[in-house]
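Every value quoted in this text rests on a predicted model; they were computed, and no experiment measured them.
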Amino acid sequence: MSRVRTGEIRALSGLRIVAALWVVLFHFRPLLAQASPSLSTALAPVLDAGAQGVDLFFILSGFVLTWNYLDRMGESWSARDTLRFLWLRLARVWPVYLVTMHLAAAWIIFTLYVGHVPAEPPVVESLNATSWVRQVLLVQLWFQPYFDGSSWDGPAWSISAEWLAYLLFGAVVLVVFRIASATRARGLIWLAIAASLPPVLLLLASGVFYTPWSWLPRIVMQFIAGALACAAVRKLQLSDRARLTAGAASLLLGGAIVGGLYLLDAYPPGSIYDAGGLVDILFVPLVITLAVGVGTLPALLSTRVMVYLGHISFSLYMLHEIVHTAWNWTARQFEITLTPDWSAKLVVLALIVLAGLGAAFLYHVVEEPARKWMRRMVETKRPRAALPAEPAPSRLQSVGARAG
């Protein structure tokens, strides 16, 4: 028997790029429908539910932060540790967030003075000092029930939501630590699944996923679900055979998510418009089985390419909508209409690749250098001789190390 306790979980890094691309393709659906109607129709059940990739990110966030900080912050509250944690979280998200926020604003201003197709009035009206301050402080979402239009860079709403979760984490980790000390792994798994259910229950009640303040239970409960799932994984002691079984189970769960989306599209329950949101209930089991599993899907997501793409996934998530918006303006400006041919397909592919290359640039030039710079501001200065030897890389290495 072995216990999963330390190091980075590479399969979860790979899962990040899957979630990010899900959101990217969700936003690029209109272009895909123009360039390849048949492909768009075939993939519609999956692409139309791409917003659920954000919920998967929320669960991953709660899991990864608990993975890294449960022992450090869970036993007792420390103002110093909490402030250090918050600074390190800012170091992780703030640099790319600020760059893309101002890129989006610069693009809106550019369209006011160039060409004959300016940005939409509501977007222009949001270019004011109050909005700037709220967005810099990551609190813009907290003042409105709907996230559409809350941020100059559309996807930034979820970072504002995450910042709320980070502020709550100091209390959440204390509670999860005590629940974990009194609960077996199986019970923690069930608690994690239960914590992820409120957004699904609200969907069943209203029939749509996007309702006033629906972002609040999504971030809070999915984040807590991820934290409880991590606490469960930390307590699991699994044989090699059990890990192989978990890996196979993760593949089945991935298939069930995709198959479930097609089934819900073909046979929507009742009058539920956003029936694809029901697959959220499978996200916690998926994350758990990927975290502990080996072979099959965990092995695929743990490859060097997938892990690297997972590393740049945050930059891709923050940049892709700017690329998408810029193309839409260009198409209107020059009256470009995509028709179902190979040139149109190449245009859509080129836009996605451009977003990916831009994400890689942001990761290497902004995200990582700025993170290390901000991290050095709170590192404890110690004599070089007192520094411990660098540990050998763990076999489970990727998401965890990136959380700090």
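We find that R92 and E367 are joined by a salt bridge, their nearest charged nitrogen and carboxylate oxygen being less than 4.0 Å apart. Taking 4.0 Å as the cut-off between side-chain N and carboxylate O, R72 and D81 do not count as a salt-bridged pair. With salt bridges taken as basic N to acidic carboxylate O contacts below 4.0 Å, none links K372 and E379.
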Result block: side-chain N/O donor-acceptor pairs under 3.5 angstrom for residues 248-265, not counting sequence neighbours:
from	atom 1	to	atom 2	distance (Å)
S250	OG	G247	O	2.6
Y262	OH	A42	O	2.6

Donor-acceptor pairs are to be reported for all side-chain atoms of residues 272-288 against protein atoms at under 3.5 Å, with residues two or more places apart or in another chain.
from	atom 1	to	atom 2	distance (Å)
D274	OD2	F209	N	2.7
D280	OD1	Q52	NE2	3.0
D280	OD2	Q52	NE2	3.3
D280	OD2	Q222	NE2	3.4

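In this structure, K345 NZ and L31 CG are separated by 13.5 Å, a value rounded to the nearest 0.5 Å. Here the straight-line distance linking atom CG of L25 with atom NE2 of H320 works out to 9.0 Å at 0.5 Å rounding. Between the SG atom of C230 and the CD1 atom of I59 there is a distance of 13.0 Å, given to the nearest 0.5 Å. Interatomic distance, F110 CZ to L112 CG, rounded to the nearest 0.5 Å: 10.5 Å. Atom NE2 in H116 sits 12.0 Å away from atom OG1 in T111 (nearest 0.5 Å). Here the straight-line distance linking atom CE of M318 with atom OH of Y97 works out to 7.0 Å at 0.5 Å rounding.
Contact annotation: the side chain of M101 approaches that of W132 to within less than 4.5 Å [non-hydrogen atoms, C-beta and beyond]. Side-chain contact between L138 and L164 is absent, with no heavy-atom pair separated by less than 4.5 Å. Residues L244 and D240 have side chains not in contact (no heavy-atom distance under 4.5 Å, counting atoms from C-beta outward). Put simply, the side chain of L309 does not reach to within 4.5 Å of the side chain of R16, judged on heavy atoms. By the 4.5 Å heavy-atom criterion applied to side chains, R84 and S78 are not counted as neighbours. Put simply, the side chain of L319 does not reach to within 4.5 Å of the side chain of V96, judged on heavy atoms. With a 4.5 Å cut-off on side-chain heavy atoms, F26 and W22 do not count as touching. Counting heavy atoms from C-beta outward, M306 and T303 have side chains that approach closer than 4.5 Å.
Checked by atom type and distance alone, the side chain of R178 pairs as donor or acceptor with a backbone atom of G74 at under 3.5 Å. Here the side chain of R243 pairs a donor or acceptor atom with the backbone of V292 at under 3.5 angstrom. Between the side chain of W329 and the backbone N or O of I108, no donor-acceptor pair lies under 3.5 Å. Remark: side-chain polar atoms of H364 are not paired, donor with acceptor, to backbone N or O of F361 under 3.5 angstrom. Listed for the S40 side chain is no donor-acceptor partner under 3.5 Å among the backbone atoms of S36. A donor-acceptor pair is defined here as one N or O able to donate and one able to accept, closer than 3.5 Å; such a pair exists between the side chain of H102 and the backbone of L98. Between the side chain of S302 and the backbone N or O of A11 there is at least one donor-acceptor pair closer than 3.5 Å. Looking at S131, its side chain never comes within 3.5 Å of a backbone N or O of L127 through a donor-acceptor pair. Within the 3.5 Å criterion, the main-chain N or O of D341 finds no donor-acceptor partner in the side chain of T339. Distance alone, capped at 3.5 Å, places no donor-acceptor pair between the W142 side chain and the A161 backbone.
Nearest heavy-atom pair across L203 and V208 is CD1-C, 3.5 Å. Contact detail for A192 and A229: the closest heavy-atom pair is CB-N, 3.6 Å. Considering every non-hydrogen atom in both P95 and M374, the closest pair reads CG-SD, 4.1 Å. Of all non-hydrogen atoms in I179 and L188, the two that sit nearest each other are CG2-CD2, 3.7 Å. Heavy atoms only, all atoms of each residue included: P199 and S196 are closest at CD-O, 3.5 Å. Closest approach of S214 to R218, counting heavy atoms only: O-CG, 3.2 Å.
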* Verdict with reasoning, F63 to I9, per side-chain contact (heavy atoms from CB on, under 4.5 Å) -> CA-CA 11 Å; F63 187 105; I9 305 177; 3.8 Å; yes
* Asked: Given S158 and F58, is the side-chain contact (heavy atoms from CB on, under 4.5 Å) satisfied, shown in steps?
  -> CA-CA 9 Å; S158 64; F58 289 161; 4.1 Å; yes
* Evaluate the side-chain hydrogen bond (donor to acceptor under 3.5 Å, both in side chains) criterion for residues S61 and E162: first the C-alpha distance (whole Å), next the side-chain angles of each, then the deciding distance (0.1 Å), finally the verdict. => CA-CA 8 Å; S61 182; E162 286 246 3; 2.9 Å; yes
* CA sep, side-chain torsions, deciding dist, call: R10, L301, side-chain contact (heavy atoms from CB on, under 4.5 Å) -> CA-CA 7 Å; R10 295 178 65 87; L301 295 176; over 6 Å; no
* How far apart are the C-alpha atoms of F177 and V172, what are their side-chain angles, what is the distance that settles it, and do they pass the side-chain contact (heavy atoms from CB on, under 4.5 Å) test? -> CA-CA 9 Å; F177 184 91; V172 170; over 6 Å; no
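In this structure, R332 is not positioned above the aromatic face of F334 in the sense of NZ or CZ being under 6.0 Å from the six-membered ring centre and within 45° of the axis. For the pair R134 and F143, the cation-pi criterion (under 6.0 Å, within 45° of the ring axis) is fulfilled.
Below 30°, between 30° and 60°, or above 60°: for F85 and Y69 the angle between ring planes is above 60°, a perpendicular geometry. By the 30° and 60° cut-offs, the orientation of the rings of Y166 relative to W163 is perpendicular.
Separation of the W152 and W107 ring centroids does not fall under the 6.0 Å cut-off. In this structure, Y210 has its ring center closer than 6.0 angstrom to the ring center of F147.
The side-chain contact (heavy atoms from CB on, under 4.5 Å) with V173 is formed by just one residue from the set L70, D71, L65; it is L70. Screening S126, S150, S151 against Q140 for a side-chain hydrogen bond (donor to acceptor under 3.5 Å, both in side chains) leaves a single residue, S151.
Residue Q333 qualifies as enclosed at atom CD: its count of foreign heavy atoms under 6.0 Å is above 12. Enclosure of atom CH2 in W213 by more than 12 non-hydrogen atoms of other residues, nucleotides or ligands within 6.0 angstrom is indicated.
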